[in-house]
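These notes are about the structure you will find just below.
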Amino acid sequence: MEEPLKDHHCPVLDQVMISPGYYLLSLTAPQIARAAVPGQFVLIRCGTRYDPFLRRPLSIHQVKRERGEISLLYQARGTGTRWLAGRGKGDLVSLLGPLGRGFTYSGREKRGLLVGAGVGVAPLLFLAGELAALEWKLVILIGARTKAGILRVESFQRYGFVKTITGDGSTERQGTILSLLEEETKETDWEGIYACGPRAVLKGVQKISRETGVPAQISLEERMACGVGACLGCVCEGTAGEVLRYLRVCREGPVFDAGEVILHD
Amino acid sequence: MEEPLKDHHCPVLDQVMISPGYYLLSLTAPQIARAAVPGQFVLIRCGTRYDPFLRRPLSIHQVKRERGEISLLYQARGTGTRWLAGRGKGDLVSLLGPLGRGFTYSGREKRGLLVGAGVGVAPLLFLAGELAALEWKLVILIGARTKAGILRVESFQRYGFVKTITGDGSTERQGTILSLLEEETKETDWEGIYACGPRAVLKGVQKISRETGVPAQISLEERMACGVGACLGCVCEGTAGEVLRYLRVCREGPVFDAGEVILHD
Amino acid sequence: MIDLSVEIAGIKLKNPVMVASGTFGFGKEYASLFNLSKLGALVTKGLTLHPRPGNPPPRIWETPAGLLNAVGLQNPGVDFFLSEILPAMKSFEVPIIANIAGFTIEEYTQLASRLTVPGITGLEVNISCPNVKAGGMALGAVPELAAEVVEAVVKATSLPVIVKLTPNVTDIVALATAVTQAGAHSLSLINTLLGMAVDVNSRRPALGNITGGLSGPAVRPVAVRAVWQVSQAVDVPIIGMGGICTSNDALEFILAGASAVAVGSAHFRDPLAAVKIIEELEQYCIENGIRDWKQIIGAAWKGQN
Amino acid sequence: MIDLSVEIAGIKLKNPVMVASGTFGFGKEYASLFNLSKLGALVTKGLTLHPRPGNPPPRIWETPAGLLNAVGLQNPGVDFFLSEILPAMKSFEVPIIANIAGFTIEEYTQLASRLTVPGITGLEVNISCPNVKAGGMALGAVPELAAEVVEAVVKATSLPVIVKLTPNVTDIVALATAVTQAGAHSLSLINTLLGMAVDVNSRRPALGNITGGLSGPAVRPVAVRAVWQVSQAVDVPIIGMGGICTSNDALEFILAGASAVAVGSAHFRDPLAAVKIIEELEQYCIENGIRDWKQIIGAAWKGQN
Ligand SMILES: Cc1cc2nc3c(=O)[nH]c(=O)nc-3n(C[C@H](O)[C@H](O)[C@H](O)COP(=O)(O)OP(=O)(O)OC[C@H]3O[C@@H](n4cnc5c(N)ncnc54)[C@H](O)[C@@H]3O)c2cc1C
Ligand SMILES: Cc1cc2nc3c(=O)[nH]c(=O)nc-3n(C[C@H](O)[C@H](O)[C@H](O)COP(=O)(O)OP(=O)(O)OC[C@H]3O[C@@H](n4cnc5c(N)ncnc54)[C@H](O)[C@@H]3O)c2cc1C
Ligand SMILES: Cc1cc2nc3c(=O)[nH]c(=O)nc-3n(C[C@H](O)[C@H](O)[C@H](O)COP(=O)(O)O)c2cc1C
Ligand SMILES: Cc1cc2nc3c(=O)[nH]c(=O)nc-3n(C[C@H](O)[C@H](O)[C@H](O)COP(=O)(O)O)c2cc1C
Ligand code: FES
Ligand code: FES
């Protein structure tokens with residue numbers, strides 16, 4: 001972790017559309033690869049002029065430390081991510097990072113439940129790899145509205161048991177990822193839930209964590225400007241203390257203990 | 001000329017850097033190729049977002065009517081032209097045109113003197129081709145500060161006798177293009193001078209035309225927004241009438257009779 | 001097909017998308033690009049009582065996501081417009097709104113009365129031009145003076161009077177309230193922001209007129225804010241403009257409280273911007289099951305989702 | 001190496017490039033990215049008398065070539081700043097200018113006197129924040145009130161007083177003149193433009209606070225114009241800001257009349273923007289044979305090419 005924070009100009013190794021609208025981008029980024037922990041993110045500069053202006057936050061999806069490579073998994077939505085999707089082998093991309101506070105894990109039982117909704121699986125693959133290396137037993141729940149949004153199942157299967165669910169029933173089960181989570185938490189005694197996905201899912205995770213007593217960590221998204229904690233742009237509401245206190249998603253987060261934050265709609 | 005004005009999405013056929021910083025871009029643009037006359041220009045949309053915002057005006061450099069192709073010759077200077085220089089085979093470029101009033105030629109003697117300073121040769125190659133097809137005898141003066149700015153000599157040689165001059169003497173002669181022009185106008189009785197280049201050169205052409213009585217047409221540059229005559233953004237000062245009157249470079253020009261306009265520094 | 005029609009100050013528009021004054025000339029140039037009758041309305045270049053040569057060049061300077069212009073109301077004057085330009089414009093079959101700019105109240109009323117002729121559907125009173133020394137913004141930035149102009153214009157014409165406001169003021173709501181009380185039937189928001197650029201190469205101001213008006217996507221947030229504030233404070237319909245390039249941009253203005261929009265600088269990037277926006281708005285209504293699109297006017301503050 | 005030093009209101013800066021308030025926190029976060037002692041000065045996030053939680057999220061919204069922010073002066077309050085933050089800032093070895101924001105004149109004077117301590121080099125009086133209800137822009141838009149604030153602050157401190165003005169006014173020159181007469185030693189131009197965005201998906205305002213402040217390259221022409229106008233009207237040095245991303249942008253402000261510049265939103269795109277600008281300015285002076293860079297301050301109106 002003693003790598004200095006830097007704006008890295010990283011060559012693209014490879015970019016593939018792994019499902020309609022979803023991209024897997026591999027980059028040479030040795031310093032980030034060395035320094036990053038699961039749950040951290042990078043800020044990517046998109047475009048060469050001032051529109052789009054702000055960098056885009058993307059989670060670190062995978063890290064190959066020895067090879068000095070990282071990969072990002074993202075959905076091309078707006079101007080920035082669509083620009084990024086147009087980059088190809090050899091192009092340089094500017095990445096600021098690794099940023100933020102990642103997941104923490106120190107269980108004795110080493111039984112973890114990963115919850116990834118849609119592209120929310122992005123930070124979880126890196127986490128799954130690290131946990132598996134520490135010999136955690138993992139169940140990985142992956143949900144999306146349709147099959148096209150169920151991403152990276154095979155990669156996750158290397159690290160644990162994967163269960164998928166879709167809103168339209170186009171994979172094994174039909175329903176919401178929260179229903180899967182409820183079942184899982186009933187059956188087994190988990191040491192930790194690690195979740196990333198839309199706010200509604202994270203709110204559900206907070207509730208289940210509260211009800212079952214299983215500690216959960218959730219990775220939040222908020223609009224960002226600086227990404228380093230200086231501008232106070234990316235806050236969410238914290239629960240600690242008597243007075244209203246906002247926490248910076250880019251600095252105190254993006255990973256929070258489920259009880260640490262209040263999620264509004 | 002009965003092609004409607006349109007925003008054409010034209011595939012790049014080929015782009016080459018013909019000299020450091022100077023690009024020759026060929027496009028499939030059958031309608032423009034059919035409709036254009038020498039001296040006209042197109043407005044090119046640069047970038048995919050709003051910065052840069054305005055289109056860039058570039059002269060039509062060459063036209064291959066049968067093949068439905070045109071080419072542009074330009075110098076990569078700022079944000080727009082640098083973006084354009086990054087386009088390659090198959091990329092689509094949006095061209096509005098052909099725009100403006102081109103050169104006119106109806107001489108009986110068919111003796112023309114072309115004066116191209118730097119990238120000012122851009123509109124002259126199309127003109128030279130048309131004039132040569134009408135059996136004009138042409139002398140083509142090409143000047144620049146250094147040899148790297150002397151462009152397209154071989155192509156011009158197909159249409160007439162080319163003389164070059166550079167500020168640093170790195171081609172046959174050292175000096176300014178205006179000194180060449182003065183010599184030529186002394187020796188021969190020309191029917192018309194056709195000039196394009198920096199303002200200082202065009203002012204010199206105006207002066208020589210006035211002094212020698214040889215009619216000159218000059219192609220002007222001015223910052224443009226609409227390119228079609230609607231915004232009144234691109235004006236230069238006209239000489240006609242009692243009251244100050246501004247002429248639109250994109251509509252009444254870009255080619256003007258030398259006596260029609262007043263060029264300020 | 002979805003009915004996108006709307007009525008602004010008694011003017012029936014087949015759709016809420018106009019073209020903004022000064023970016024579309026008198027229509028002729030764009031008529032060779034598309035069928036102008038598709039537009040909600042065409043607002044003319046600013047007309048003055050006497051012909052004006054306009055400002056010396058350069059008049060245009062590109063800025064990030066926008067441009068500065070300092071045209072300075074170049075126009076052939078109202079008489080020439082009426083005799084030589086307006087007759088030909090009738091073939092466009094589009095409501096024509098005449099944008100007028102005076103240097104005194106008297107000039108505004110003369111312009112208004114002369115332009116009260118068949119073929120003109122409404123007047124847009126430009127008290128917000130940043131590129132002329134007298135009149136324009138000088139009158140338009142002081143609520144009392146602006147109200148005087150408007151009152152006089154309303155008296156001088158039977159046409160609907162739209163007042164175009166400048167954003168270069170401390171309190172645009174006060175201005176809007178003043179001109180509405182003075183009888184304005186509708187408001188256009190916004191004219192350009194007063195800006196300037198220095199050409200670092202020459203070390204001199206980039207524009208011939210030194211300062212200019214900033215327009216384009218860069219100013220959109222300022223314009224949306226103006227529409228949001230003013231639409232909640234006055235009862236007349238608002239025509240929103242400032243950086244509109246797509247239907248999404250147009251919707252931002254409509255949701256903020258505009259009953260119609262005008263497309264200006266976007267034409268410089270895409271001459272078909274206005275027509276595309278109209279088509280996309282239709283599409284938006286279809287996809288979102290909106291029967292009467294007018295129900296979303298001001299939805300962002302009315303709280304109707 | 002070229003000497004880029006300049007003196008602003010008695011503050012000696014080793015170069016004219018500061019970082020703008022609110023975009024750089026209290027420096028700590030950027031200290032891991034570069035050596036802050038390279039900067040001309042560091043302006044802190046706006047400080048208030050009491051801690052403030054700030055506005056509810058979302059606080060940031062991207063716009064073409066810019067962004068809206070509605071942070072709402074979140075800060076730990078002046079006491080916490082003095083006891084917990086300032087001591088650690090000393091290691092940055094950069095002049096520290098404290099940006100202060102009050103809600104009453106009394107609060108401004110209290111802030112000023114408490115911050116008159118070793119380690120603080122100057123005060124930037126923020127009477128221009130668009131994101132709070134009382135104080136801020138409400139005080140800063142009226143010349144008389146602004147002058148009252150400034151007069152009181154100047155009395156309450158022995159430090160140089162820089163007054164930061166809002167561009168959201170009809171007449172920024174009147175404002176500048178008023179606060180200069182009231183004793184301001186320098187002016188910062190400009191704070192953000194009041195703007196807003198609507199989220200077309202939710203059909204609600206995009207920001208938690210509804211309106212926000214627009215910054216970034218989009219506003220640069222407005223800022224350059226303000227500097228041009230004000231620098232010709234007052235005798236105090238001006239710190240120019242608004243969309244500066246490159247040395248070319250910085251030069252535009254200097255040529256327009258600014259004696260120093262501040263880099264704000266550019267950090268969000270390139271965290272090293274300020275340092276790069278300093279290096280490029282040196283280069284510019286070398287290439288253009290400029291011995292004393294201060295000779296080009298205001299060259300665009302002084303006519304010295
Ligand atoms: C810490 C963090 C990690 C993330 N990791 C991933 C990831 O690994 N894969 C992935 O697909 N997405 C991820 N996201 C969401 C991703 O940042 C947005 O989808 C992306 O910024 C959208 O940019 P755009 O250009 O597509 O959209 P635009 O609509 O053009 O974006 C406009 C502005 O809004 C911001 N914005 C839009 N949506 C979001 C959002 N959901 N969260 C935060 N800012 C947003 C953009 O950053 C930009 O500033 C992450 C977000 C955060 C905060
Ligand atoms: C009718 C006409 C024909 C032209 N033909 C050619 C040609 O064939 N080849 C060629 O190399 N150049 C030509 N030019 C000049 C060319 O348009 C500019 O070099 C180009 O617009 C610069 O854009 P940029 O993105 O490189 O510079 P930037 O500095 O990024 O441009 C900023 C803005 O200034 C405008 N601008 C900058 N320089 C000029 C200029 N000299 N004339 C007009 N606008 C300018 C741009 O269009 C843009 O709006 C022509 C200009 C005109 C008016
Ligand atoms: C080149 C140009 C000329 C303009 N001329 C006028 C004018 O004559 N009268 C007027 O009221 N507004 C004029 N405007 C302002 C526009 O009508 C519009 O209010 C402004 O540009 C904001 O919209 P936009 O960002 O879509 O261009 C002009 C704008 C431009 C860019
Ligand atoms: C996120 C953010 C927070 C800001 N906070 C403050 C502040 O606390 N006090 C202040 O005077 N200005 C504040 N500003 C305004 C900036 O200091 C600066 O005046 C403005 O952003 C224009 O410069 P820029 O375009 O370079 O950012 C803030 C700006 C931003 C973007
Ligand atoms: S994005 Fe600036 S504090 Fe988080
Ligand atoms: S560029 Fe609009 S009139 Fe010429």
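Below, each value reflects all heavy atoms present in this structure, side chains not excepted, and no hydrogens, waters or symmetry copies. Everything numeric in this text was worked out from a predicted model, so none of it was measured.
Side-chain contact between C:Leu193 and D:Leu193 is present, with at least one heavy-atom pair separated by less than 4.5 Å. Two residues are said to be in side-chain contact when any heavy atoms from C-beta on lie closer than 4.5 Å; D:Pro205 and C:Trp228 meet this criterion. Side-chain atoms of D:Arg225 and C:Leu68, non-hydrogen and from C-beta on, never get closer than 4.5 Å to each other.
When each of C:Val222, C:Val169, C:Asn288 is checked for heavy-atom pairs under 4.5 Å with chain D, C:Val169 comes out on top. Put simply, of C:Thr63, C:Val224, C:Ile172, the one with the most heavy-atom pairs under 4.5 Å next to chain D is C:Val224. Each of D:Ile210, D:Val200, D:Leu251 has some count of heavy-atom pairs under 4.5 Å with chain C, and the biggest count is that of D:Val200.
Across D:Ala141 and C:Thr170, no two heavy atoms sit closer than the pair CB-CG2, 3.5 Å. Closest approach of C:Leu214 and D:Pro221 over heavy atoms only: CD1-CG, 3.8 Å. Residues C:Glu252 and D:Ala197 come closest through the heavy atom pair OE2-CA, 3.1 Å. The minimum heavy-atom distance linking D:Val198 with C:Ala256 is given by the pair CG2-CB, 4.1 Å. In this structure, C:Arg203 and D:Ile290 approach most closely via the heavy-atom pair NH2-CD1, 3.6 Å.
How far CG of C:Asp199 is from CG of D:Asn248: 9.0 Å, rounded to the nearest 0.5 Å.
Proximity to chain D is absent for every atom of C:Phe253, based on heavy atoms less than 4.5 angstrom apart.
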